[in-house]
Amino acid sequence: MSDLSSNSLFFDRTDLDRDRTQSLVDDALKDADDGELYLEYAQSEAFSFDDNRLKSASYDVSQGFGLRAVLGETTGYAHTSEFSEEALKRASSSVQAVKTGKAGSIGEGPARTNKSLYPDTNPLEEVPFEAKTKLLEDINEYARGLDDKVRQVSCSLSGEWVSVEIMRAGGQIVRDVRPLVRLNVSVTAGKGDRQESGSAGYGGREGYAKFIDPTNWQGQVDEALRQALVNLEAEEAPAGEMEVVLGSGWTGVLLHEAVGHGLEGDFNRKGTSAFAGRIGEQVASKGVTVVDDGTLEGRRGSLSVDDEGTPTSRTVLIEDGILKGYMQDRMNARLMGMAYTGNGRRESFAYQPMPRMTNTFMLNGQHTQEEIIANTKDGIFAVNFSGGQVDITSGKFVFNCTEAYRVQNGVIGAPLKNVALIGSGPTVMSNISMIGNDMALDPGIGVCGKAGQGVPVGVGQPSLKIDRLTVGGAGA
């Protein structure tokens, strides 16, 4: 493997000198409250297969740095893809504008840890190009041979390897090397003039080995086809307020969107979240405990350290229905007088960090999924979502289901199509009456968007019963 050490990436092959760089960082952050130099080198690749052939294969290398100075609520930020002392001097001059006529006291740096939650090997170098393209060919052939209703197969494979170094005033340096791999499969099945699709995938912070193994990827193809065949038989959904049962795992994306974003520090510091100023209050039904945990080994949303250099943590957000805290980056935690939680994240060196989720999920309750279904008189069972929208201030959301079923008198009935769930995050949390004991995390495919930045995340929850939720559908 080629030399991809921190010195090699950011200093030995560039115009930057480590000692001079530290001196410039010290000068840029003098009299600031906080800040850092964030250095990044990233390799990424992506393959897509469609219409029985390899449609695209791409490889990209990006590098750059972002320099940030923070004073009070004001941030100066400059970034460039040029690793040179002159570029750093220009960036330093730009960010120091926030300190004009003012002075702060640089905050204490993050605690140190040697814990790593994933391997530092480069997945892009682990498996040859031919093996990756053959994987997609094998998926296509396997899927088309499963059922004569299969009309289209699309699959994609992507991987990245990112090395970061965070330099703070005074000489503190934090490094991290982050692999990330993801496989997605979509199958379209048809009967007569009707066509429906299903999708599945998995990913994590690891190499390609598990993804190449047929015992793993065949299960994803089977699941995508199962969903497509179920949807071929789906009926129009009813509309109105009714009971809703959520399955475990990926359905946690509703929790992520409807509640998770409202528990990020910046929205609460500014008072724009439905949860602002409510720590210590009952914000959910008893038994509801929600955590954000960036320390789960190998998970897609996990980080050994966040993008400010703070080790990630297990943060209890809601405990037995009581709001306990928020997810914090350094700036918002300092301004709110709270502890850093290791949730300062950025898409790349071109962006400033902000409080973001890592792996956000609800803990187990005591009921089996069968008990929850049996206690549902008239409603729907939502198993999979395609995504949704949420308004942070009000907590109102709309989610579209890709797999759902009618439930009447405790019995699961026909599959449904065109199901939308409409409600308010805080209201839904208070209408949870039963919590399952089958908590599962999603398979590692989540991407979260906020303020134009996308970052990998994890979601999860056990099965849940929501007593009242508006269902949007074509039928009444």
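If you read the sequence from its start, that first residue is 1, and numbering goes on from there. Quantities reported herein were computed from a predicted structural model and do not represent experimental measurements.
If you look at Y41 and F10, their ring centroids are not closer than 6.0 Å. Two rings, from F49 and F47, have their centers 6.0 Å or more apart.
Partners of S394 under the side chain to side chain contact (heavy atoms under 4.5 Å, CB included) rule, at least two apart in sequence or in another chain, are D391, K396. Judged as a side chain to side chain contact (heavy atoms under 4.5 Å, CB included), and not counting sequence neighbours, the contacts of N268 are S273, F275, A276, Y326, M336. Scanning for ring pair (Phe, Tyr, Trp, His ring centres under 6.0 Å) contacts around F11 gives an empty result, with sequence neighbours left out. The ring pair (Phe, Tyr, Trp, His ring centres under 6.0 Å) check on F267 picks up nothing, with sequence neighbours excluded. The side-chain hydrogen bond (donor to acceptor under 3.5 Å, both in side chains) search around D293 returns T295, R314, not counting sequence neighbours. With sequence neighbours left out, Y208 forms a ring pair (Phe, Tyr, Trp, His ring centres under 6.0 Å) with no residue at all. Here V419 pairs with A237, I380, C401, A404, L416, L421, V471 under the side chain to side chain contact (heavy atoms under 4.5 Å, CB included) rule; sequence neighbours left out. For Y118, the ring pair (Phe, Tyr, Trp, His ring centres under 6.0 Å) test picks out no residue, with sequence neighbours left out. Not counting sequence neighbours, the partners of E82 by the side-chain hydrogen bond (donor to acceptor under 3.5 Å, both in side chains) test are S84, R90. With sequence neighbours excluded, no residue satisfies side-chain hydrogen bond (donor to acceptor under 3.5 Å, both in side chains) with Q352.
Here the side chains of L88 and E86 are not in contact, with every heavy-atom distance at 4.5 Å or above. With a 4.5 Å cut-off on side-chain heavy atoms, I173 and I166 do not count as touching. Here the side chains of L232 and R194 are in contact, with some heavy-atom distance below 4.5 Å. In this structure, the side chains of L124 and Q43 come closer than 4.5 Å at one or more pairs of heavy atoms. Counting only heavy atoms from C-beta outward, the side chains of T21 and L39 never approach each other to under 4.5 Å. Between L157 and T133 there is no side-chain heavy-atom pair separated by less than 4.5 Å.
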Could you check N140 against N52 for side chain to side chain donor-acceptor pair (under 3.5 Å), going step by step and ending with a plain yes or no? CA-CA 7 Å; N140 178 69; N52 286 306; 2.9 Å; yes
Test log, rule salt bridge (charged side-chain N to carboxylate O under 4.0 Å, His left out), inputs R178 and D307: CA-CA 12 Å; R178 303 164 176 173; D307 295 323; 2.6 Å; yes
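If you check the side chains of S48 and S56, you find a donor sitting under 3.5 Å from an acceptor. Inspection of the S44 and E160 side chains reveals no N or O donor paired with an N or O acceptor under 3.5 Å. Side-chain contact annotation: N332 with R334, donor-acceptor N/O pair under 3.5 Å absent. Of the N and O atoms on the side chains of Q218 and D222, not one donor lies less than 3.5 Å from an acceptor on the other residue.
The existence of a salt bridge linking R18 and E165 is confirmed by a sub-4.0 Å separation between a basic side-chain nitrogen and an acidic carboxylate oxygen. Between D329 and R345, no side-chain nitrogen of the basic residue sits less than 4.0 Å from a carboxylate oxygen of the acidic one, so the salt-bridge criterion is not met. Looking at K134 and D138, a side-chain N of the basic residue comes within less than 4.0 Å of a carboxylate O on the acidic one, giving a salt bridge. A salt bridge is defined here as a Lys NZ or Arg NE, NH1 or NH2 lying under 4.0 Å from an Asp or Glu carboxylate O, and R346 with E308 fails to meet this definition. A salt bridge is defined here as a Lys NZ or Arg NE, NH1 or NH2 lying under 4.0 Å from an Asp or Glu carboxylate O, and D51 with K55 meets this definition.
No more than 12 heavy atoms of other residues, nucleotides or ligands sit less than 6.0 Å from atom CD of E108. More than 12 heavy atoms of other residues, nucleotides or ligands sit less than 6.0 Å from atom CD of E137. In this structure, K450 places its NZ atom where more than 12 heavy-atom neighbours from other residues, nucleotides or ligands lie under 6.0 Å away. Counting heavy atoms of neighbouring residues, nucleotides and ligands inside a 6.0 Å radius, atom NZ of K89 exceeds 12 of them.
Looking only at distances, no side-chain donor or acceptor of T315 sits under 3.5 Å from a matching main-chain atom of M327. Counting only distance, with no hydrogens or angles, the side chain of D442 and the backbone of G460 share no donor-acceptor pair below 3.5 Å. Formation of a donor-acceptor pair under 3.5 Å by the N184 side chain with backbone atoms of S156 is not found in this model. With R182 contributing its side chain and I445 its backbone, the two residues share a donor-acceptor pair below 3.5 Å. Not one N or O on the side chain of T310 forms a donor-acceptor pair closer than 3.5 Å with the backbone of D306. Without hydrogens or angle criteria, R299 side chain to R205 main chain gives no donor-acceptor distance under 3.5 Å. Distance alone, capped at 3.5 Å, places no donor-acceptor pair between the D60 side chain and the E45 backbone.
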All N/O donor-acceptor pairs, side-chain side in residues 247-254, below 3.5 Å, sequence neighbours left out:
from, atom 1, to, atom 2, distance (Å)
W250, NE1, F385, O, 3.0
T251, OG1, G247, O, 2.3
T251, OG1, Q461, NE2, 3.2

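The ring-ring contact (aromatic ring centres under 6.0 Å, His included) contacts involving residues 182-206 comprise Y202-F211, where partners must be two or more places apart or lie in separate chains.
Relative to the six-membered ring of Y77, R68 misses at least one condition, a distance below 6.0 Å or an angle of at most 45° to the axis.
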